[in-house]
Engineer: 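Can you keep this structure in mind? I'll have questions shortly.
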Amino acid sequence: MRQKIVAGNWKMNKTMPEAQALSSEVMGMVSSEVTTNTKVVLCVPFPFLPVIKYLLGKSSVAVGAQNCSEHDWGAYTGEVSALMLKSMDIPYVILGHSERRQYFGEDGKLLVKKIDKALAAALTPIFCCGEPLEVREKGTHDTLVRQQVEEALFHLSAESLKKVVIAYEPVWAIGTGKTATSQQAQEMHAVIRKQLASKYGDTIAQEISILYGGSVNSKNAQELFSCPDVDGGLVGGASLKSREFVDIIKAMK
Ligand code: PEP
């Protein structure tokens, strides 16, 4: 049975004391909500990782990074490698978020390298894909998302693919308050799963968690998460408030 996951993407928000307070609050409220088949992840800014990792300790909440380099080591000022994350026991890393694609020019070729580095370091990549508004309006969103999935993931063996989490995040829904309807989300998740099945077979495709991201909140989470191919959420703004985030986690049940 595939895992249900709610991952918070804090982006570039919070000071260290605020980060500690938010993590403690989430950890305190969430323990009874998490079962063996569900996972809660806080993807926090790099400088907070060791402190939040220590603070969460052996609780049911895991920590993740929001990016990693395509290189292992060397003269790449400001970068953080998958090996560094691994050396701190960080289990998750978001890759290919639309903000990285838009502001830092990340494309499929680069994401292949980053995904390979993450997997080689035994991290779980949370790979993001999703179409901008103009593509949705043209009606070619299926084609674009399929292309994003294929170019970043289809070089992987089935064994490696099983270690990847996919997040479908329509760009027009990120940070806009405009959520995809549950029907739109389900349709696209089914398209992705079918695409995975055509390359890797149905058994593998059924094992991959596909999260929805884009203005998820405590009011819409339950309907979105009840879709058969939606296995949880990648949550931006609403993960910055403990009560709201925990209410989203509760909607996974
Ligand atoms: C995100 O950043 O991945 C995201 C989905 O943001 P928000 O929930 O704020 O739309």
Side-chain angles (χ1 to χ4, degrees), residues 1-11 13-14 16-68 82 85-95 97 118-119 121-128 162-167 169 206-213 216-227 230-253:
M1 204 160 99
R2 56 184 181 257
Q3 200 164 45
K4 290 193 175 269
I5 302 170
V6 172
N9 174 15
W10 289 9
K11 313 193 187 193
N13 288 299
K14 303 291 178 191
M16 180 68 92
E18 289 167 348
Q20 288 172 278
L22 176 56
S23 308
S24 302
E25 285 164 19
V26 171
M27 181 176 65
M29 286 191 268
V30 93
S31 50
S32 60
E33 310 303 329
V34 183
T35 65
T36 44
N37 204 41
T38 62
K39 195 90 228 167
V40 176
V41 188
L42 302 181
C43 296
V44 308
F46 284 133
F48 304 158
L49 280 169
V51 171
I52 303 303
K53 165 101 190 148
Y54 183 75
L55 186 150
L56 294 173
K58 293 200 188 318
S59 81
S60 51
V61 183
V63 72
Q66 300 171 15
N67 182 32
C68 73
L85 297 174
K86 177 64 188 163
S87 73
M88 296 190 292
D89 264 339
I90 304 298
Y92 291 90
V93 59
I94 297 174
L95 290 175
H97 191 280
L119 289 171
L123 305 178
T124 299
I126 302 175
F127 166 73
C128 303
K162 281 201 297 195
K163 295 172 186 149
V164 175
V165 172
I166 297 177
E169 300 206 301
Q206 290 301 330
E207 284 180 39
I208 309 291
S209 298
I210 307 178
L211 316 184
Y212 168 79
V216 175
N217 59 42
S218 59
K219 295 196 173 55
N220 58 31
Q222 196 161 18
E223 188 178 334
L224 286 161
F225 296 171
S226 64
C227 297
V230 176
D231 306 310
L234 180 56
V235 183
S239 71
L240 299 172
K241 294 175 224 126
S242 54
R243 169 51 63 197
E244 179 74 3
F245 188 56
V246 171
D247 283 347
I248 292 170
I249 295 162
K250 286 182 185 167
M252 255 196 315
K253 279 192 172 165

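All of these numbers come straight from a predicted model, not from anything done at the bench. Starting from 1, each residue takes its place in the sequence as its number.
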Engineer: Considering all heavy atoms of both residues, which atom of S242 and which atom of L22 are nearest to each other, and what is their separation?
Structural biologist: N-CD1, 3.5 Å

Engineer: How about E223: does its CD atom have over 12 heavy atoms from other parts shown lying under 6.0 Å from it?
Structural biologist: no

Engineer: If you measure only the distance, is there a donor-acceptor pair under 3.5 Å linking the side chains of Q3 and S209?
Structural biologist: no

Engineer: Are V30 and V61 close enough, and set up right, to give a side-chain contact (heavy atoms from CB on, under 4.5 Å), and what steps lead you there?
Structural biologist: CA-CA 8 Å; V30 93; V61 183; 3.3 Å; yes

Engineer: Looking at S218, is its backbone amide N or carbonyl O close enough to the side chain of E244 to form a donor-acceptor pair, meaning the two atoms are under 3.5 Å apart?
Structural biologist: yes

Engineer: To the nearest 0.5 angstrom, please state how far the CG atom of D247 sits from the CD atom of Q222.
Structural biologist: 10.5 Å

Engineer: Tell me every residue that passes salt bridge (Lys or Arg N to Asp or Glu O under 4.0 Å) with K86, counting only those two or more places apart in sequence or in another chain.
Structural biologist: none

Engineer: Specify the closest pair of heavy atoms between V230 and Y212, including all atoms of both residues, with the distance to one decimal.
Structural biologist: CG1-CB, 4.0 Å

Engineer: Does V93 form a side-chain contact (heavy atoms from CB on, under 4.5 Å) with I126? I'd like the steps, not just the answer.
Structural biologist: CA-CA 6 Å; V93 59; I126 302 175; over 6 Å; no

Engineer: If you look at every heavy atom in A65 and L85, which pair is closest and at what distance?
Structural biologist: CB-CD1, 3.8 Å

Engineer: Within the 4.5 Å heavy-atom criterion, are C68 and L95 side-chain neighbours or not?
Structural biologist: yes

Engineer: Distance from D89 atom CG to L123 atom CG, nearest 0.5 Å?
Structural biologist: 10.0 Å

Engineer: Would you say that more than 12 heavy atoms from the other residues, nucleotides or ligands in this model lie under 6.0 Å from the CD of Q20, or not?
Structural biologist: yes

Engineer: Which heavy atom of L240 sits nearest to which heavy atom of N13, and what is that distance?
Structural biologist: CD1-ND2, 3.7 Å

Engineer: Between the side chains of R2 and D231, is the shortest nitrogen-to-carboxylate-oxygen separation below 4.0 Å, so that they form an ion pair?
Structural biologist: yes

Engineer: Please name the pair of heavy atoms, one in A62 and one in Y92, separated by the smallest distance, quoted to 0.1 Å.
Structural biologist: CB-CE1, 4.1 Å

Engineer: Can you tell if the side chain of L42 reaches within under 4.5 Å of the side chain of S239, non-hydrogen atoms only?
Structural biologist: no

Engineer: With rounding to the nearest 0.5 angstrom, report the CZ to CE distance, F46 to M88.
Structural biologist: 8.0 Å

Engineer: Let me know which of T124, L119, I208 forms a side-chain contact (heavy atoms from CB on, under 4.5 Å) with K163.
Structural biologist: L119

Engineer: Would you say the side chain of V165 lies within less than 4.5 Å of the side chain of L211, judging by non-hydrogen atoms?
Structural biologist: yes

Engineer: If you define the side chain from C-beta out and look only at heavy atoms, does anything of L234 sit under 4.5 Å from I94?
Structural biologist: yes

Engineer: To check you understand the geometry: which heavy-atom pair defines the closest contact between G8 and F245, and what is its length?
Structural biologist: N-CZ, 3.6 Å

Engineer: Drop me the distance from K14's NZ to F48's CZ, to the nearest 0.5 angstrom.
Structural biologist: 10.0 Å

Engineer: Less than 4.5 Å apart, side chain to side chain, heavy atoms only: is that true for V44 and V63?
Structural biologist: yes

Engineer: Any side-chain heavy atom of C43 within less than 4.5 Å of one from W10?
Structural biologist: no

Engineer: Could you check whether any side-chain heavy atom of H97 comes within less than 4.5 Å of a side-chain heavy atom of E169, counting everything from C-beta outward?
Structural biologist: yes

Engineer: Below 4.5 Å, heavy atoms only, C-beta onward: do R243 and M29 meet side chain to side chain?
Structural biologist: yes

